[in-house]
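Notes follow the structure.
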Amino acid sequence: MTEKTIKKTTTSPRSKNKKLNLSTIIEDNKKAVKKKKVVLEKGYYVNIFPTFSYSRIDKMLRSYSDFLENYSKINGEMKEAKVLDYLHLHILIFFTDLSEDKDLSFEEKLNVFEQILESDWFILLFDYFDKDELSKVYNHVFKKIATYQELAKKSELANLFIEK
C-alpha cells in the first residue's frame, strides 16, 4: 500500500511544513472563544468574536433553521431578501455579545430582528466582521446544502430500486 499525501495548504512553498498536533488544535480553538472589543460611534462598544468556530457556526445555523421553520408556519413563505437579512442577524446575535440570551422565543426574536434591521446599527455592526470569517459561514451553509441535496438524491435513487 502506498502512502497517499493530501496537499491542501495555505503556507507558501518556501515555508517549512509543520506537523499538526493536539497542542496546535487547542491553541487555534482558544482564538475562537476570545472576544474583541469594537468601539462604535457615540461612545458605544460591542464585543465580537473575530474568529468563527465551526461549532458556533453550526449552533447558529440550527437556530437559523428553527427560525425559518417557525417563520413559515406562522407567516408563510419568507421573501428572498429577508432570508439573507435573517441569516445576517443570526450572525450578529451569535458572534457578538449583543444578546447574551440567545434562547428568545420566536416572537421575541422576530421583534428584536425587525428592530435591528430598521436601525442604522445593522450595517455598521456587520462591517466589523472579518470577510474571511463571514466566508466560512457561507461556505459552511453551501456545503451543508450540497450534502443534503446529495443525500436526497441518493435516497430517491434507493427508493426507486426498492420499489422495483
Side-chain angles (χ1 to χ4, degrees), residues 8 10 25 28-164:
K8 186 175 184 181
T10 56
I25 293 171
D28 279 351
N29 283 341
K30 286 180 183 178
K31 293 177 194 172
V33 296
K34 288 185 181 175
K35 293 179 186 174
K36 177 176 115 180
K37 183 176 182 177
V38 174
V39 179
L40 308 165
E41 40 188 68
K42 300 178 186 174
Y44 291 103
Y45 76 91
V46 66
N47 294 305
I48 66 168
F49 290 93
T51 305
F52 294 5
S53 72
Y54 283 107
S55 63
R56 188 175 285 274
I57 291 171
D58 281 336
K59 279 183 190 176
M60 186 267 310
L61 290 175
R62 280 191 297 277
S63 174
Y64 178 60
S65 177
D66 291 344
F67 178 82
L68 292 177
E69 185 178 326
N70 286 328
Y71 187 97
S72 66
K73 283 179 186 175
I74 295 170
N75 301 318
E77 190 174 333
M78 186 182 295
K79 293 181 180 168
E80 202 170 303
K82 285 284 192 188
V83 172
L84 195 54
D85 283 346
Y86 288 131
L87 174 60
H88 289 169
L89 287 164
H90 274 81
I91 292 170
L92 279 179
I93 296 299
F94 276 82
F95 296 100
T96 69
D97 63 355
L98 281 177
S99 172
E100 291 299 323
D101 180 16
K102 293 170 191 67
D103 293 327
L104 303 171
S105 73
F106 173 76
E107 291 79 14
E108 292 168 325
K109 190 181 277 190
L110 187 59
N111 183 37
V112 167
F113 282 2
E114 290 302 320
Q115 289 180 35
I116 294 171
L117 278 174
E118 292 175 15
S119 78
D120 294 336
W121 295 107
F122 176 61
I123 293 172
L124 179 70
L125 289 168
F126 210 77
D127 285 342
Y128 283 98
F129 291 121
D130 181 87
K131 302 306 176 225
D132 290 336
E133 295 303 308
L134 290 171
S135 291
K136 278 171 60 174
V137 173
Y138 302 131
N139 290 336
H140 201 58
V141 168
F142 296 140
K143 282 181 184 176
K144 285 188 173 284
I145 290 171
T147 300
Y148 174 77
Q149 289 172 337
E150 187 177 320
L151 291 172
K153 250 187 224 180
K154 287 180 181 180
S155 177
E156 287 173 14
L157 288 173
N159 287 337
L160 284 175
F161 287 115
I162 292 171
E163 290 174 2
K164 288 186 177 185

Please confirm whether the backbone N or O of [Y] pairs with a side-chain atom of [X], one donor and one acceptor, at under 3.5 Å?
X      : Y      : value
His140 : Lys136 : no
Asn70  : Phe106 : no
Ser65  : Arg62  : no
Glu133 : Phe52  : yes

Straight-line distance of [X] [atom1] to [Y] [atom2], nearest 0.5 Å:
X      : Y      : atom1 : atom2 : answer
Leu110 : Leu117 : CG    : CG    : 9.5 Å
Asp66  : Glu69  : CG    : CD    : 6.5 Å
Tyr45  : Lys37  : OH    : NZ    : 5.0 Å
Asp85  : His90  : CG    : NE2   : 12.5 Å
Phe94  : Ile91  : CZ    : CD1   : 11.0 Å

Inset, instruction - With side chain to side chain contact (heavy atoms under 4.5 Å, CB included) as the test, would you mind laying out the steps for Phe129 and Thr96 before giving the verdict? - result: CA-CA 10 Å; Phe129 291 121; Thr96 69; 3.6 Å; yes

Legend entry - Full working for side chain to side chain contact (heavy atoms under 4.5 Å, CB included) between Met60 and Ile93: CA-CA 9 Å; Met60 186 267 310; Ile93 296 299; over 6 Å; no

Inset, instruction - Flag this pair as yes if the NZ/CZ of Arg56 is under 6.0 angstrom from the six-membered ring centre of Phe49 and inside a 45 degree cone about the axis; otherwise no. - result: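 The answer is yes, since Arg56 meets both limits relative to Phe49.
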
Inset, instruction - Apply side chain to side chain contact (heavy atoms under 4.5 Å, CB included) to the pair Phe67 and Leu89, showing each step before the final yes or no. - result: CA-CA 11 Å; Phe67 178 82; Leu89 287 164; over 6 Å; no

Inset, instruction - Would you name the heavy atoms of Trp121 and Glu41 that are closest together and state the gap between them? - result: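 Here Trp121 and Glu41 meet closest at CH2-O, 3.9 Å.
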
Can you tell me if [atom1] on [X] sees more than 12 non-hydrogen neighbours from other groups inside 6.0 Å?
X      : atom1 : answer
Asn75  : CG    : yes
Lys79  : NZ    : no
Ile123 : CD1   : no

Inset, instruction - Apply side chain to side chain donor-acceptor pair (under 3.5 Å) to Glu108 and Ser105, showing your working. - result: CA-CA 5 Å; Glu108 292 168 325; Ser105 73; 3.1 Å; yes

Legend entry - Side chains of Ser63 and Lys109, donor plus acceptor under 3.5 Å: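 On atom types as modelled, these side chains qualify, holding a pair under 3.5 Å.
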
Inset, instruction - Answer yes if the side chains of Asn111 and Glu107 hold a donor-acceptor pair under 3.5 Å, and no otherwise. - result: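 Per modelled atom types, Asn111 and Glu107 side chains form no pair under 3.5 Å.
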
Legend entry - Aromatic centroids of Tyr64 and Tyr86 separated by under 6.0 Å: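 For Tyr86 and Tyr64, the ring centres are not under 6.0 Å apart.
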
Inset, instruction - Decide side chain to side chain contact (heavy atoms under 4.5 Å, CB included) for Ile48 and Lys35; before the verdict, give the C-alpha distance in whole Å, the side-chain angles of both, and the deciding distance to 0.1 Å. - result: CA-CA 5 Å; Ile48 66 168; Lys35 293 179 186 174; over 6 Å; no

Legend entry - Worked check of salt bridge (Lys or Arg N to Asp or Glu O under 4.0 Å) between Lys82 and Glu77: CA-CA 10 Å; Lys82 285 284 192 188; Glu77 190 174 333; over 6 Å; no

